[in-house]
S.K.: 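One structure coming up, written as structure tokens, with questions to follow.
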There are 2 protein chains.
Amino acid sequence: MLWAVPKIPQPPLDEVDRSIVRVLAQNARIANNALADEVGVAASTCLARVRSLRDRGVIRGFQADVDLSALGMPLQAMISVRLRAHTREQNESFRSVAPGLPGVLEVFHMAGSDDYLLHVAVADSDALRDFVVDHLTTHPAVGQTQTNLIFERMAGSRFPEPGR
Amino acid sequence: MLWAVPKIPQPPLDEVDRSIVRVLAQNARIANNALADEVGVAASTCLARVRSLRDRGVIRGFQADVDLSALGMPLQAMISVRLRAHTREQNESFRSVAPGLPGVLEVFHMAGSDDYLLHVAVADSDALRDFVVDHLTTHPAVGQTQTNLIFERMAGSRFPEPGR
DNA sequence: GCATCTTCCGAATACCGTTCGGCCTGCTTT
DNA sequence: AAAGCAGGCCGAACGGTATTCGGAAGATGC
């Protein structure tokens, strides 16, 4: 089964760790010694901290933020998906394929009446229709879908702190 | 006004550019010479390409992917926001603050009956209620909101290619 | 076929990543 | 309270990398 959590228990983050994560969340390609300066530790210490954060799963990876228009996929949409039945099997069969469908940026498994929310990027409205028809409505577990175009996507903080 | 697009016109991406972006989208901290090897150009050329991609706005930045649970914000939600009126002023007043609200990961300006969709991370359900009450329902431009919990978020491709 | 412009490469150097030994701090043991 | 122990931090050293620059190769226009 898939219950095993691949995360080392939980040594909580101290202030240095949080600073490292905060900086890397905004600038993943900063040089290690510059990062060390910024958070106030030696470069070697900083390196060990970053490695530890990665090993513990706090930092999952580093990614470039790409302009999808430049890649020829200027149109984005949110697609609500309601499954035909809410069995564990249908959920599993949809969940296992959804993130890999072409153009899918994120998949949200939702509480509430809609089971899944798909954030997708496509070349144009034809491609969007093709995506829904070819991959969603033809999927045996999918009941209904509803597609909403996204005018604009704005990024918020990627290092959320509790708002008092 | 805000119409000026800060993007150099559009020299379309060649195969090398696309390979660079594809690799960096998955591993933003790869060494430049390793990246150069992978895409088949000299290190100096690769460096110039990456710089050009950044200058052109194709690559917007580099980020660490952080486990929000480790930061103490294990709960995520999607909040649909309907404005009181759909004037340009109300849109502008909401759009200008929404991405900066505490815990907001993404803001989507939507076509359709719901005007905005907020993807947020919070510490617990109390913090979620506080967020909605303190920042949304009290905002003068906000009419109704609807909050849906996210059971699970799965990342799709961050380098979408057209699915034929 | 020549001039020009662009792009790529490879070498050189300055910079950075990474390892390692030793020190300091705080905790346990007696 | 002193000794012993463990963990983490630092700084120096070295091996590897980023970045610059001059020149060569290719493309473009006349």
S.K.: What about B/Ile150 and B/Val122, same hydrophobic cluster or not, with Ile/Leu/Val/Met/Phe/Trp/Tyr joined at side-chain heavy-atom distances under 4.5 Å?
M.R.: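 No, because B/Ile150 and B/Val122 fall into different hydrophobic clusters, even though each may have its own neighbours under 4.5 Å.
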S.K.: Under 4.5 Å between side-chain heavy atoms, hopping through other hydrophobics if needed: is there a path connecting B/Val16 to B/Val21?
M.R.: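 B/Val16 and B/Val21: one cluster.
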S.K.: Show every donor-acceptor pair shorter than 3.5 Å between a side-chain atom in residues 37-49 of chain A and any protein atom, with sequence neighbours excluded, or say none if there are none.
M.R.:
residue: A/Arg49; atom: NH1; partner: A/Asp14; partner atom: OD1; Å: 3.0
residue: A/Arg49; atom: NH1; partner: A/Asp14; partner atom: OD2; Å: 2.9
residue: A/Arg49; atom: NH1; partner: A/Asp17; partner atom: OD1; Å: 3.0
residue: A/Arg49; atom: NH1; partner: A/Asp17; partner atom: OD2; Å: 3.3
residue: A/Arg49; atom: NH2; partner: A/Asp14; partner atom: OD2; Å: 3.1

S.K.: Assess whether side-chain contact (heavy atoms from CB on, under 4.5 Å) is satisfied between B/Ser69 and B/Met73, documenting all intermediate values.
M.R.: CA-CA 5 Å; B/Ser69 301; B/Met73 320 213 62; over 6 Å; no
S.K.: List in numerical order all residues of residues 25-39 of chain A for which some heavy atom is under 4.0 Å away from an atom belonging to DNA chain D.
M.R.: none
S.K.: Would A/Gln146 and A/Asn148 count as a side-chain contact (heavy atoms from CB on, under 4.5 Å) here? Give the steps.
M.R.: CA-CA 7 Å; A/Gln146 187 187 331; A/Asn148 290 296; 3.7 Å; yes
S.K.: Under a 4.5 Å side-chain heavy-atom rule over Ile, Leu, Val, Met, Phe, Trp and Tyr, are B/Val132 and B/Met78 clustered together?
M.R.: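 No, because B/Val132 and B/Met78 fall into different hydrophobic clusters, even though each may have its own neighbours under 4.5 Å.
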S.K.: As an exercise, state the distance from CZ of B/Phe62 to CD of A/Gln26, rounded to the nearest 0.5 Å.
M.R.: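 So the gap between those two atoms works out to 14.5 Å.
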S.K.: Among the clusters formed by ILVMFWY side chains lying less than 4.5 Å apart, do A/Leu71 and A/Leu75 turn up in the same one?
M.R.: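 Shared cluster, no.
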S.K.: What I'd like to find out is whether the side chain of A/Leu149 reaches to under 4.5 Å of the side chain of A/Leu128, using heavy atoms alone.
M.R.: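 Result yes, sub-4.5 Å side-chain heavy-atom pair found.
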S.K.: Below 4.0 angstrom, which residues in residues 40-53 of chain A have at least one non-hydrogen atom near DNA chain D?
M.R.: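 Heavy-atom contacts with DNA chain D come from A/Val41, A/Ala42, A/Ser44, A/Thr45, A/Arg49.
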S.K.: Earliest and latest nucleotide of DNA chain D, 5' to 3', sitting under 4.0 Å from a non-hydrogen atom of chain A?
M.R.: D/dC9 to D/dG11
S.K.: Ignoring hydrogens and angles, tell me if any N or O in the side chain of A/Gln90 forms a donor-acceptor pair with the backbone of A/Ala85 under 3.5 Å.
M.R.: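 Confirmed, A/Gln90 side chain pairs with A/Ala85 backbone.
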S.K.: Counting distance only, does the side-chain N/O of B/Arg158 pair as donor-acceptor with the main-chain N or O of A/Val66 below 3.5 Å?
M.R.: no
S.K.: Show me the donor-acceptor pairs, under 3.5 Å and distance only, between side chains in residues 104-117 of chain A and residues at least two apart or in other chains.
M.R.:
residue: A/Glu106; atom: OE1; partner: B/Arg153; partner atom: NE; Å: 2.8
residue: A/Glu106; atom: OE1; partner: B/Arg153; partner atom: NH2; Å: 2.7
residue: A/Glu106; atom: OE2; partner: A/His119; partner atom: ND1; Å: 3.0
residue: A/His109; atom: NE2; partner: A/Asn91; partner atom: OD1; Å: 3.4
residue: A/Asp114; atom: OD1; partner: A/Arg82; partner atom: NE; Å: 3.3
residue: A/Asp114; atom: OD1; partner: A/Arg82; partner atom: NH2; Å: 3.2
residue: A/Asp115; atom: OD1; partner: A/His86; partner atom: NE2; Å: 3.3
residue: A/Asp115; atom: OD2; partner: A/Leu83; partner atom: N; Å: 2.7
residue: A/Asp115; atom: OD2; partner: A/His86; partner atom: NE2; Å: 3.2
residue: A/Tyr116; atom: OH; partner: A/Asn91; partner atom: O; Å: 3.4
residue: A/Tyr116; atom: OH; partner: A/Asn91; partner atom: OD1; Å: 2.8

S.K.: Would you grab the first and last nucleotide of DNA chain C (5' to 3') that comes under 4.0 Å of any non-hydrogen atom in chain B?
M.R.: C/dC8 to C/dG10
